[in-house]
Q: 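My questions all concern the structure below.
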Amino acid sequence: MSQLKELPQVSFAEAAQNVFKKMFQFKGRIRRSEYWWGVLVLTICAIVLSLIPFIGQIAVLFLYIAATSMLFRRLHDTGRSGWWWGCQFCLGFVSLIFFATAIDFHAYMQAVAENNATEIIKVISDGLTGTSGVLGLIFYLVASILGLVLFALTLLDSKPEANKYGDSPKYVAENVAEE
């Protein structure tokens with residue numbers, strides 16, 4: 001007969017190593033402790049790197065890829081597809097396109113060049129009240145709600161059993177002798 005045994009939490013040092021070792025690994029599972037320590041590592045690195053002009057911004061892009069791969073693996077650990085994030089990303093991108101098409105770019109740049117804050121606000125508010133602006137706001141709202149759902153999913157405990165994404169990184173089967 002076998003019972004499940006819980007492994008100890010992942011340490012900060014181990015999580016920091018795994019962030020960079022598994023930077024482009026979107027398959028598999030990652031437990032909560034490793035995910036949140038990894039988020040902390042990536043946040044610290046992003047803050048430091050953002051202080052370096054140009055090269056720092058490129059490095060932060062790679063950190064974003066690492067964060068995305070960690071999120072995929074964390075979602076896999078809860079039995080969900082990593083493409084929940086892909087859906088949120090697409091909704092956010094569509095909202096950005098609607099916002100970009102809603103605002104009269106020429107009028108906006110002219111108001112910026114003239115340093116006319118009132119005109120800048122007018123151009124933006126005119127754009128947001130049009131059809132494209134409203135659609136952009138709707139898509140942005142849905143993407144934001146999905147972002148909150150993703151956050152909640154990262155807080156869920158690991159599924160103890162193996163799933164289609166692999167064995168549990170938190171629980172292992174332990175054979176118990178029957179008497």
Side-chain angles (χ1 to χ4, degrees), residues 1-96 99 137-179:
M1 178 167 211
S2 68
Q3 292 180 333
L4 292 177
K5 175 185 171 190
E6 186 175 327
L7 297 173
Q9 288 188 355
V10 176
S11 69
F12 176 79
E14 186 180 353
Q17 289 174 352
N18 286 342
V19 163
F20 297 106
K21 273 195 236 174
K22 300 176 181 179
M23 188 177 228
F24 300 104
Q25 180 181 331
F26 287 80
K27 293 182 179 182
R29 296 170 65 170
I30 187 175
R31 54 190 296 192
R32 262 187 314 201
S33 57
E34 185 174 351
Y35 176 77
W36 287 109
W37 281 126
V39 167
L40 178 62
V41 167
L42 291 174
T43 302
I44 292 168
C45 289
I47 290 169
V48 171
L49 288 170
S50 67
L51 300 174
I52 303 169
F54 186 68
I55 293 174
Q57 282 70 31
I58 293 171
V60 168
L61 177 65
F62 283 99
L63 296 180
Y64 184 72
I65 293 169
T68 303
S69 76
M70 281 191 345
L71 179 59
F72 266 57
R73 288 181 277 132
R74 182 70 200 121
L75 290 169
H76 290 169
D77 194 43
T78 64
R80 289 164 183 84
S81 170
W83 289 107
W84 279 68
W85 170 86
C87 184
Q88 183 209 17
F89 180 82
C90 289
L91 288 169
F93 187 73
V94 168
S95 73
L96 180 67
F99 285 141
L137 287 172
I138 291 169
F139 275 93
Y140 182 77
L141 178 64
V142 173
S144 298
I145 291 169
L146 188 53
L148 292 173
V149 169
L150 287 173
F151 174 72
L153 292 175
T154 64
L155 299 174
L156 296 177
D157 194 14
S158 299
K159 295 286 184 193
E161 66 279 349
N163 62 25
K164 67 181 180 178
Y165 305 107
D167 293 329
S168 174
K170 182 175 181 177
Y171 300 102
V172 293
E174 183 179 69
N175 289 330
V176 178
E178 290 185 36
E179 293 181 28

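The basis for the numbers below is simple: all heavy atoms, side chains too, and nothing from hydrogens, waters or symmetry mates. Residues: numbered from 1 along the sequence shown.
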Q: Tell me whether the count of non-hydrogen atoms from other residues, nucleotides or ligands lying under 6.0 Å of CG in L61 goes above 12.
A: yes
Q: Any chance you could lay out the side-chain contact (heavy atoms from CB on, under 4.5 Å) test for F139 and L96, step after step, and finish with the verdict?
A: CA-CA 9 Å; F139 275 93; L96 180 67; over 6 Å; no
Q: For residues S95 and Y140, report the shortest heavy-atom separation together with the two atoms involved.
A: CB-N, 3.5 Å
Q: Find out whether F62 and F24 are in side-chain contact, i.e. whether some heavy atom of one side chain is under 4.5 Å from a heavy atom of the other.
A: yes
Q: Considering only heavy atoms from C-beta outward, does the side chain of L150 approach that of L75 to under 4.5 Å?
A: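 In contact.
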Q: Go through the structure and list residues passing salt bridge (Lys or Arg N to Asp or Glu O under 4.0 Å) with R74, not counting sequence neighbours.
A: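 R74 satisfies salt bridge (Lys or Arg N to Asp or Glu O under 4.0 Å) with D77 only.
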Q: Does W37 have more than 12 heavy atoms from other residues, nucleotides or ligands lying within 6.0 Å of its CH2?
A: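 Atom CH2 in W37 is not packed in, count stays at 12 or less.
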Q: What's the spacing between Q17 CD and K22 NZ if we round to 0.5 Å?
A: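 Answer rounded to 0.5 Å: 11.0 Å.
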Q: Taking CH2 in W84 as the centre, count heavy atoms belonging to other residues, nucleotides or ligands within less than 6.0 Å. Is the count above 12?
A: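 Not more than 12 within 6.0 Å, no.
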Q: Evaluate T154 against W36 for side-chain contact (heavy atoms from CB on, under 4.5 Å), listing each step before the verdict.
A: CA-CA 9 Å; T154 64; W36 287 109; 3.2 Å; yes
Q: Would you say F26 has more than 12 foreign heavy atoms packed within less than 6.0 Å of its CZ?
A: yes
Q: Heavy atoms only: give me the nearest V19-M70 pair and the separation to one decimal.
A: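 Closest heavy-atom pair between V19 and M70: CG2-SD, 3.7 Å.
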Q: Please report the shortest heavy-atom distance between N163 and G79, naming the atom on each side.
A: ND2-CA, 3.6 Å
Q: How about CD on Q9, more than 12 heavy atoms from neighbouring residues, nucleotides or ligands closer than 6.0 Å, or not?
A: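 For Q9, atom CD is not crowded (no more than 12 foreign heavy atoms under 6.0 Å).
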Q: Could you grab the distance from atom CG of L49 to atom CD1 of I44, nearest 0.5 Å is fine?
A: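 Taking CG in L49 and CD1 in I44, the distance rounds to 12.0 Å.
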Q: Look up atom CG in L91 and atom CG in L141, then write down how far apart they are to the nearest 0.5 Å.
A: 10.5 Å
Q: Donor-acceptor check, side chain of R32 to backbone of L155, threshold 3.5 angstrom: yes or no?
A: yes
Q: Find the distance between CD1 (I52) and CD1 (I58) and round it off to the nearest 0.5 Å.
A: 11.5 Å
Q: In this structure, are over 12 heavy atoms from other groups packed under 6.0 Å from D157 atom CG?
A: yes
Q: Does any part of the side chain of L63, heavy atoms only, come nearer than 4.5 Å to the side chain of F20, both counted from C-beta?
A: yes
Q: Considering residues, nucleotides and ligands other than F89, do more than 12 of their heavy atoms fall under 6.0 Å from its CZ?
A: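 No, the 6.0 Å shell around CZ holds no more than 12 heavy atoms from other groups.
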Q: Going by the angle between their ring planes, with limits at 30° and 60°, are F72 and W83 parallel, tilted or perpendicular?
A: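 Perpendicular: the ring planes of F72 and W83 meet at over 60°.
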Q: R29 side chain to K159 main-chain N or O, any donor-acceptor pair under 3.5 Å?
A: yes
Q: With the side chain counted from C-beta on, respond yes when L137 and F99 share a heavy-atom pair under 4.5 Å apart, and no when they do not.
A: yes
Q: Which heavy atom of P169 sits nearest a heavy atom of L7, and at what distance?
A: O-CD1, 3.5 Å
Q: For I30, is there any backbone N or O sitting under 3.5 Å from a side-chain donor or acceptor partner on R73?
A: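 Answer holds: no.
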Q: Could you go step by step and tell me if R80 and L156 meet the side-chain contact (heavy atoms from CB on, under 4.5 Å) rule?
A: CA-CA 11 Å; R80 289 164 183 84; L156 296 177; 3.8 Å; yes
Q: Calculate, to the nearest 0.5 Å, the distance between atoms CD and NZ belonging to E14 and K21 respectively.
A: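 Here the rounded value is 8.0 Å.
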Q: At their closest point, which heavy atom of V60 faces which heavy atom of A46, and how far apart are they?
A: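 Shortest heavy-atom separation between V60 and A46 comes out as CG2-O, 3.9 Å.
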Q: Is it true that, when you exclude F54 itself, more than 12 heavy atoms of the residues, nucleotides or ligands shown sit nearer than 6.0 Å to its CZ?
A: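 Atom CZ in F54 is not packed in, count stays at 12 or less.
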Q: Compare every heavy atom of S69 with every heavy atom of Q25, then report the nearest pair and how far apart it is.
A: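 Residues Q25 and S69, closest heavy atoms: O-CB, 3.4 Å.
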Q: The test is side-chain contact (heavy atoms from CB on, under 4.5 Å); show your working for W85 and L146 and say whether it passes.
A: CA-CA 8 Å; W85 170 86; L146 188 53; over 6 Å; no
